[in-house]
Amino acid sequence: MKTYYALVDCNNFYASCERTFQPSLRHVPIVVLSNNDGCVIARSEEAKAVGIGMGAAYFEVKPLVLMYGVRVFSSNFALYGDMSNRVMTTLQEFSPDIEIYSIDESFLKIRTEKDPLEYAREIRNRVWRCTGIPVSVGMAPSKTLAKLASKKGKAQGGAFCIDEVNRTKILEDCPVEKLWGIGKQHAMKLCRWGLNNAHLLSKADNNWVLNHFPVTVLRTVEELRGTPCIPFEMEPANRKSICSSRSFKHDVTDYHDLSEALMTFTARAAEKLRQWNLYSQALSLFIQANPFSGRPYYANSLTIPLPVATSDTTELSDKAAIVLRRLYKKGYNYKKAGVVLMDLVTEKGIQQDFFDDVDREKRQRLMASMDKLNKQMGRDTVRTLGSGINRPWATRRELLSKRYTTCWQELKTVD
DNA sequence: TCTGGGGTCCTAGGACCC
DNA sequence: TCTGGGGTCCTAGGACCC
């Protein structure tokens, strides 16, 4: 029995999700936009081919969109999240050892006698058959090599395996900046030392690496040699922070509009907190003016500790309001704002405060009822008044597809 | 004039990831 | 007119302690 790490990566995931429910788009270029329809965050292969860059501003690529008939979508996370679950559930049929790494990627630990390349192809085919999502599968002796193998796999019919025989060649062909864990800064520095491909990096001396780079780079080096160094994490680690932030459709100048937005973000973050059964011990708030407006720029943030860890929307909203009063400066065009809940603990980790006069059990019951109603009847059915009614600051989402898999009213129909 | 040695904890900022 | 959102880990340096 041999053990392999497999990385399964959904190809152009968001674009593929849109395509699954509109098969007529199969060979049509597609892009998916970020929140606020600001920039491109996913592209089908056809869209890449006509020159639309990752992260490009939508208004800048509009000429290309028109010229090539590119179909454009606002991001539909209700759909992508649900499709992701379907893919991950399918993968679990292959191995109980699964690390869900992101919305569109999972590592699997595979023990098999079979030819690993055959096995990888089987994974790819089954995910395609069960979900309609195309994936690339890479098999290798470490996670870093599996990542590399899956990239290679994308160009090779969807599956690839790195072994002793082909490893040197693959590493020689791989520039260091393409490696998982090596970003722009480290890549530049490595190149200055002449280590411009993954093979040369794998031959570097350990002490030399440690003297010049953080230990994360040494881990990458070991992984390139085929020694697993990056832990395989099946249990999702408990969150350390939760953030909710947005850019606004229009610049916000009015204090009350900004406050409404931040109260909404606070409620959203608190909801997530309760979903994970966590409590926050500090609240941080940030506001940013529009850096592109040509007007004076202001950005600031402030963090306050919470005397007793809490996940109560009303309590957190009160604190956020206090922080905002201290941060807000009149006369700026605010473009973005957000709330970060930090120092998260589980119920066991809550330190009681002798002088605490809040009936926390009662508040917890209130939050539980609110969450239940919002889950059954739709988000924001019950909300705090401070989070606003008209929401002039709302996010732009003009090209949204249907929530085909999570909303009865929006199910796919057959004409 | 000259001022040790060893340790921990916290924080901000950098780098990286999807 | 229009430029995303949400995370983690590591390190250096400061504060503080004996």
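Computed from a prediction, not measured in an experiment: that's the story for all the values here. Lettering follows sequence order; numbering is per chain, from 1.
In summary, the aromatic rings of A/F77 and A/Y14 are positioned with their centroids under 6.0 Å apart.
With C/dC10, B/dC18, C/dG4 as the candidates, the nucleotide lying closest to the side chain of A/C39 is C/dG4. In this structure, of B/dA15, C/dG7, C/dC10, it is C/dG7 that holds the atom nearest to the side chain of A/K272. Among the nucleotides C/dG4, C/dT3, B/dC17, the one closest to the side chain of A/Y101 is B/dC17. Of the candidates C/dT3, C/dG7, C/dT11, C/dT3 carries the atom nearest the A/A57 side chain, counting heavy atoms from C-beta on. The A/Q185 side chain lies nearest to B/dA15 when the options are C/dG6, C/dT3, B/dA15. Nearest nucleotide to the A/S102 side chain, out of B/dC18, C/dT3, C/dG6: B/dC18. Distance from the side chain of A/V215 is smallest for C/dT11 among the nucleotides C/dG6, C/dG5, C/dT11.
For A/K240 and C/dC9, the shortest distance from a side-chain N or O to OP1 or OP2 is below 4.0 Å. Distances shown here put every side-chain N or O of A/K62 at or beyond 4.0 Å from the OP1 or OP2 atom of C/dT1. A/S34 has no side-chain polar atom (N or O) that falls below the 4.0 Å cut-off from OP1 or OP2 of C/dT3. Between A/R239 and C/dG7 there is a side-chain N or O to OP1 or OP2 distance below 4.0 Å. A/K335 has a side-chain polar atom (N or O) that falls below the 4.0 Å cut-off from OP1 or OP2 of C/dT3. Within the structure, every side-chain polar atom (N or O) of A/T216 is placed at least 4.0 Å from both OP1 and OP2 of B/dC16. Close to C/dG6, at under 4.0 Å from its OP1 or OP2, lies a side-chain N or O of A/S245. Phosphate proximity of C/dG5 to A/K336: present, with a side-chain N or O under 4.0 Å from OP1 or OP2. Proximity of A/R246 to the phosphate of C/dG6: a side-chain N or O atom is located under 4.0 Å from OP1 or OP2. The phosphate of C/dC10 has OP1 or OP2 within less than 4.0 Å of a side-chain N or O from A/R219.
Checked for salt-bridge contact, A/E222 and A/R225 meet the test: a charged N lies under 4.0 Å from a carboxylate O.
Between the CD atom of A/E223 and the C1' atom of B/dC16 there is a distance of 15 Å, given to the nearest Å. The CG-P distance, from A/N76 to C/dG5, rounds to 16 Å in whole Å. Atom OH of A/Y80 and atom P of C/dG5 are 15 Å apart (whole Å). As rounded to whole Å, 16 Å separates atom P of B/dA15 from atom CD of A/E177. In this structure, CG of A/D104 is placed 12 Å from C1' of B/dC17, rounded to the nearest angstrom. Rounded to an integer number of Å, the gap from CE of A/M188 to P of B/dG14 is 14 Å. As a whole-Å value, the separation of A/I100 CD1 from B/dC17 P is 21 Å. Counting to the nearest Å, the C1' atom of C/dG5 and the CZ atom of A/F286 are 9 Å from each other.
Residue-level contact check: A/K147 touches the backbone only, with heavy atoms under 4.0 Å from sugar-phosphate atoms and none from bases. Note on A/H250: nothing from the nucleic acid sits closer than 4.0 angstrom, heavy atoms only. Residue A/D37 is classed as having no contact, given no heavy-atom separation below 4.0 Å to the nucleic acid. Using a 4.0 Å heavy-atom cutoff across all strands shown, A/S75 reaches no nucleic acid atom at all. Counting any heavy atom pair closer than 4.0 Å across all strands shown, A/L179 reaches sugar-phosphate atoms only and no base atom. Residue-level contact check: A/I242 touches the backbone only, with heavy atoms under 4.0 Å from sugar-phosphate atoms and none from bases. In this structure, A/L33 reaches neither bases nor backbone, as no heavy-atom distance under 4.0 Å exists between it and the strands shown.
Using a 30° and 60° split on the angle between ring planes, A/F265 and A/F248 fall in the parallel class, below 30°.
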Begin with the C-alpha distance, continue with both residues' side-chain angles, and end with the deciding distance and a verdict on side-chain hydrogen bond (donor to acceptor under 3.5 Å, both in side chains) for A/Y80 and A/E18. CA-CA 9 Å; A/Y80 311 151; A/E18 299 294 350; 2.6 Å; yes

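Side-chain contact between A/V358 and A/V308 is absent, with no heavy-atom pair separated by less than 4.5 Å. For the pair A/C174/A/L179, a side-chain contact is recorded, criterion being any heavy-atom separation below 4.5 Å from C-beta on. For the pair A/F21/A/L79, a side-chain contact is recorded, criterion being any heavy-atom separation below 4.5 Å from C-beta on.
In this entry B/dG14 has C/dC9 as its Watson-Crick or G-U wobble partner, both defining distances falling under 3.5 Å.
No donor-acceptor pair under 3.5 Å is formed between the side chain of A/T395 and the backbone N or O of A/N35.
Where A/F292 and A/E233 each meet DNA chain C at their nearest nucleotide, the meeting point lying more 5' is that of A/F292.
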